[in-house]
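Here's the structure, in structure tokens; my notes come after.
Whatever order the structure lists ligands and atoms in, that order sets their numbers, starting from 1. Computed from a predicted model, the values in this text were never measured in an experiment. Residues: numbered from 1 along the sequence shown.
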Amino acid sequence: MAMIAHKCKDHTVTVVDINQARIDAWNSDKLPIFEPGLDDIVQGARGKNLFFSTDVDNSIREAEMIFLSVNTPTKTYGVGAGRAADLRYVEKCARKIAEVADSDKIVVEKSTLPVRTAESVKRILESNSQGRKFQILSNPEFLAEGTAMVDLEAPDRVLIGGDQTPEGKAAIQKLVDVYATWVPRERVITTNIWSSELSKLTANAFLAQRISSINAISALCEATEANVDEVAHAIGTDSRIGPKFLKSSVGFGGSCFQKDILNLVYLCEHFGLPEVAAYWNGVIEMNDYQKRRFSRRVISSMFNTVSDKKIAILGFAFKKDTNDTRESAAIYICKDLLEEQAQIAIYDPKVEVAQIQRDLGIDADNQYVSYCKDAYEATKDAHAILVLTEWDEFTALDFQKIYEQMQQPAFLFDGRNLLDLEALREIGFEASGIGKG
Ligand code: UDX
């Protein structure tokens, strides 16, 4: 929304939330999320044509177009628990719009939703329409965290789905006009509403599948003399395969991949397609295996016990350049190590201590976990270093100095294949990466 305000100066964008603290943060100097380049865009537009408010009702009344951008977490209760999307927030928004709108509206689904959710939103709005006309569009977001501003500024494509009726097409055109302010028209794809909803789930499933595929090969590389980075490079030069999303890692995380694939799996089962469901579920299973495999490798290399050993965790975010930890592999690895009674010392340049405590389900006074101001403090007297996020600053560390202040033998497990293992071994580290025999 900040990017739309930044690019379309003649439109007024109001972001509303019922959470006062969140809105206050958006109106303050410290925004509630860290994203490179976001501060400048928000500061440039805020108070001019970008507003943050808790006045939901009036904002709905004044708006011509309403974007639904609420959470659709995986359901934790009832039918489909653990897999289906929890749509209660979407439904509440639809009911709110139906209750307070006093003119025609275009309602745009921005949240990632299971296929045919637009239908439910439409039914709620239409059965309470009282003469007002509602058009529903699907406009999934493809930005990735950490590169959000660049992705929004120059997207590979913008996808807009809507009804193929004259009214639906007119609504689609209105949203196309917004994006066309800065996105080349040929990159704005329009489809029917179901194709648009399904495309988002499919895109995430394909991306995650590439990571699980290369991670599957990483296990084979570890068992042989092959090197997964070399294999990825070799296959990625085939233009039909392409080089992106082939970086083997300790496992993918983030708020989208797992949730969206689970959603896809649930949908396939719902539509009586168990083989298709099992196929996509394999992507998640491989990711779980990759995380588990990493913890096991750490423990077995360290003489089958990490009990009371200090282990430095470098990086807790699910990827670099974000403070987001949702589904981060680091959470799973740390939990595995805590079960083995290791002492873990965590350093991440952006993640807050309270967030780590929530993720690990521990109190502030937990004796097994400490939080460090930098990598040097985390690695002091440690038996091992685990690199779990590919923060650039980790490549610039003085590993000679770190080695000298560690217990010997000094182990290093690079869960991101970020560091030069040969150079580390020359210093004296017992260093290993992912997918390297
Ligand atoms: C993803 C999609 O990329 C984006 O289009 C969609 O809108 C939301 O979901 P995001 O979750 O922000 O974006 O990050 P992404 O860059 O896709 O990374 C997801 C996870 O995969 C991270 O944990 C990352 O470290 C991991 N990853 C990515 C790999 O392990 N290897 C790779 O080659 C690429």
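Look at E390 and K320 and you find no salt bridge, because none of the NZ, NE, NH1 or NH2 atoms lies under 4.0 Å from a carboxylate O. With salt bridges taken as basic N to acidic carboxylate O contacts below 4.0 Å, one links K436 and D229. Note on K30 versus E352: salt bridge recorded, some NZ/NE/NH1/NH2 to OD/OE distance being below 4.0 Å. Between K335 and E339 no salt bridge is recorded (no basic side-chain N to carboxylate O distance below 4.0 Å). At a threshold of 4.0 Å, the pair E109-K200 does not count as salt-bridged, since none of the basic side-chain nitrogens sits closer than that to a carboxylate oxygen.
The shortest contact between atom 28 (C) of ligand 1 and any protein heavy atom is with I211 CD1, 3.5 Å. Nearest protein neighbour of atom 30 (O) of ligand 1, counting heavy atoms only, is S249 OG, 2.7 Å. Closest to atom 16 (O) of ligand 1 among all protein heavy atoms lies K319 NZ, 2.7 Å. Shortest contact from atom 31 (N) of ligand 1 to any protein heavy atom: K247 O, 2.8 Å. At the top of the distance list for atom 2 (C) of ligand 1, counting protein heavy atoms only, stands N204 OD1, 3.5 Å. Closest to atom 1 (C) of ligand 1 among all protein heavy atoms lies F257 CE2, 3.5 Å. Of the protein's heavy atoms, L143 O, 2.8 Å lies nearest to atom 7 (O) of ligand 1. Shortest contact from atom 12 (O) of ligand 1 to any protein heavy atom: E145 N, 2.7 Å.
A345 and A378 get closest at one heavy-atom pair: CB-O, 3.7 Å.
In terms of polar-atom proximity, defined here as any N/O pair under 3.5 Å, F142 does make such a contact with ligand 1. An N or O contact shorter than 3.5 Å is missing between C256 and ligand 1 by distance. Taking only nitrogen or oxygen atoms, main chain and side chain alike, F318 reaches within less than 3.5 Å of ligand 1.
For an aromatic pair to be called close, the ring centres must be under 6.0 Å apart, and W26 with F51 fails this.
Considering T112, T202, T117 as possible partners of E197, the one that fulfils the side chain to side chain contact (heavy atoms under 4.5 Å, CB included) test is T117.
Selection from P155, G253, S328 by nearest heavy atom to atom 20 (C) of ligand 1 gives G253. Closest heavy-atom approach to atom 24 (C) of ligand 1 within the set Q290, Q258, R416, E390: this belongs to R416.
Residue-ligand proximity, L207 to ligand 1, at heavy-atom distances under 4.0 Å covers atoms 3 (O). Taking a cut-off of under 4.0 Å to the non-hydrogen atoms of L246, the atoms of ligand 1 that pass are 33 (O).
Heavy-atom separations between K200 and ligand 1 include at least one value shorter than 4.0 Å.
With hydrogens and angles disregarded, no donor-acceptor distance shorter than 3.5 Å links the side chain of N417 to the backbone of K247.
A side-chain donor from one of Y279 and Q209 sits under 3.5 Å from a side-chain acceptor of the other.
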